[in-house]
Each structure stands twice: as C-alpha cells, then as structure tokens.
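Everything quoted here is computed from the prediction, not taken from an experiment. For this chain, numbers begin at 1 and follow the sequence in order.
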Amino acid sequence: MPEIYFHVRWPDGATQRCYSPSTVVEDYFTAGGEYELTDFVERSRTALGIAGERVKEKFGFHCTGASDQLAQIERTAAAYTHAYAADTAAAPASVAEVPRAADVLKVIVESLVNADGSTR
C-alpha cells in the first residue's frame, strides 16, 4: 500500500510528521490547509481509521501505525486544548468574551509527501 506522510504545524508553531499507511488522507487534508483543532482531530480519526481498515482488508490485520499515529494526534490536541482552557480560565475576561478553543486553535497541514519524500 502506498504510505504517505502529512506534515502539520500545531497552534504553537511546533511541527510534526504524521504517518498514514494509505493515501486516503488526501481526501481529508490539503497541503496548506488550515483546520480548527477539533476538525483536524475528527478528520484524522476518519482518515486514519479508513487507512487502518484498508490495511486489514489487504493483509488481514489492522495497521498499528495508523492507530498509534491517531493516538499521538489525540494526545497532542488534548494538551493544546487543556493549555488553552487553563490560560483562559486565568484571564479576567467574562466567559462570553473568551473565544472557544476551536475558534482559536488552528492546525496547518503544511505538506503531503510520499514515503520517498517527494511532494504529492
């Protein structure tokens, strides 16, 4: 199966190379696309779930690489959500003035690349 990597930039500017055992991620992300954090996580769940199932259909077992990558994305996203909640809780603004985390925390998919490093 053609594996693919998608490089993401998290809300604080940190970058991460993410793995998918299938090109199905191209149906959910575009290079240069900006996604609300919650949308990015949902798209990742869907794409990596489908990718894992494709491996299972072809080889008879689920891809642990896809499920491990999703778990890492979920942990990272949760850390940003918790940090944002702690920062806004300490702020003196009223609840109505505090933007939702999803409206502020953005993830950018910087690139989609093949296993050999060539751009998709």
Name all residues meeting the salt bridge (Lys or Arg N to Asp or Glu O under 4.0 Å) criterion together with Arg54; count only those two or more places apart in sequence or in a different chain, and write none if there are none.
none
Looking at residues at least two apart in the chain, or sitting in another chain, which of them share a salt bridge (Lys or Arg N to Asp or Glu O under 4.0 Å) with Glu3?
none
From [X] [atom1] over to [Y] [atom2], what is the distance, rounded to the nearest 0.5 angstrom?
X: Tyr28; Y: Ile50; atom1: OH; atom2: CD1; value: 3.0 Å
X: Gln72; Y: Leu48; atom1: CD; atom2: CG; value: 11.0 Å
X: Lys58; Y: Ser22; atom1: NZ; atom2: OG; value: 10.0 Å

For Asp68 and Thr64, run side-chain hydrogen bond (donor to acceptor under 3.5 Å, both in side chains): C-alpha distance rounded to whole Å, both residues' side-chain angles, the deciding distance at 0.1 Å, then the answer.
CA-CA 6 Å; Asp68 289 349; Thr64 57; 4.6 Å; no
With sequence neighbours excluded, give me every ring-ring contact (aromatic ring centres under 6.0 Å, His included) pair touching residues 44-80.
Trp10-Tyr80
Cluster partners of Ile108, using ILVMFWY side-chain heavy atoms under 4.5 angstrom, listed by chain and number?
none
Please list all pairs meeting salt bridge (Lys or Arg N to Asp or Glu O under 4.0 Å) that have one or both residues in residues 5-33, counting only residues at least two apart or in different chains.
Arg9-Glu110, Glu26-Arg120
I'd like to check [X] versus [Y] (side-chain heavy atoms, cut-off strictly below 4.5 Å). Are they in contact?
X: Glu34; Y: Val107; value: no
X: Lys106; Y: Glu36; value: yes
X: Leu37; Y: Thr81; value: yes
X: Ile4; Y: Val113; value: no
X: Tyr19; Y: Val25; value: no
X: Val109; Y: His7; value: no

Could you go through the side chain to side chain contact (heavy atoms under 4.5 Å, CB included) check for Tyr35 and Val8 one step at a time?
CA-CA 10 Å; Tyr35 305 90; Val8 301; over 6 Å; no
Who pairs with Phe6 by ring pair (Phe, Tyr, Trp, His ring centres under 6.0 Å), at least two apart in sequence or on another chain?
Phe29
Please report the shortest heavy-atom distance between Val24 and Ala47, naming the atom on each side.
CG1-O, 3.3 Å
Side chain to side chain contact (heavy atoms under 4.5 Å, CB included) between Cys18 and Ile73: does it pass, once the steps are laid out?
CA-CA 8 Å; Cys18 299; Ile73 287 169; 4.1 Å; yes
Side chain to side chain contact (heavy atoms under 4.5 Å, CB included) between Leu112 and Thr23: does it pass, once the steps are laid out?
CA-CA 9 Å; Leu112 299 163; Thr23 59; over 6 Å; no
Step by step, work out the side chain to side chain contact (heavy atoms under 4.5 Å, CB included) result for Val41 and Glu74.
CA-CA 7 Å; Val41 172; Glu74 290 173 331; 4.2 Å; yes
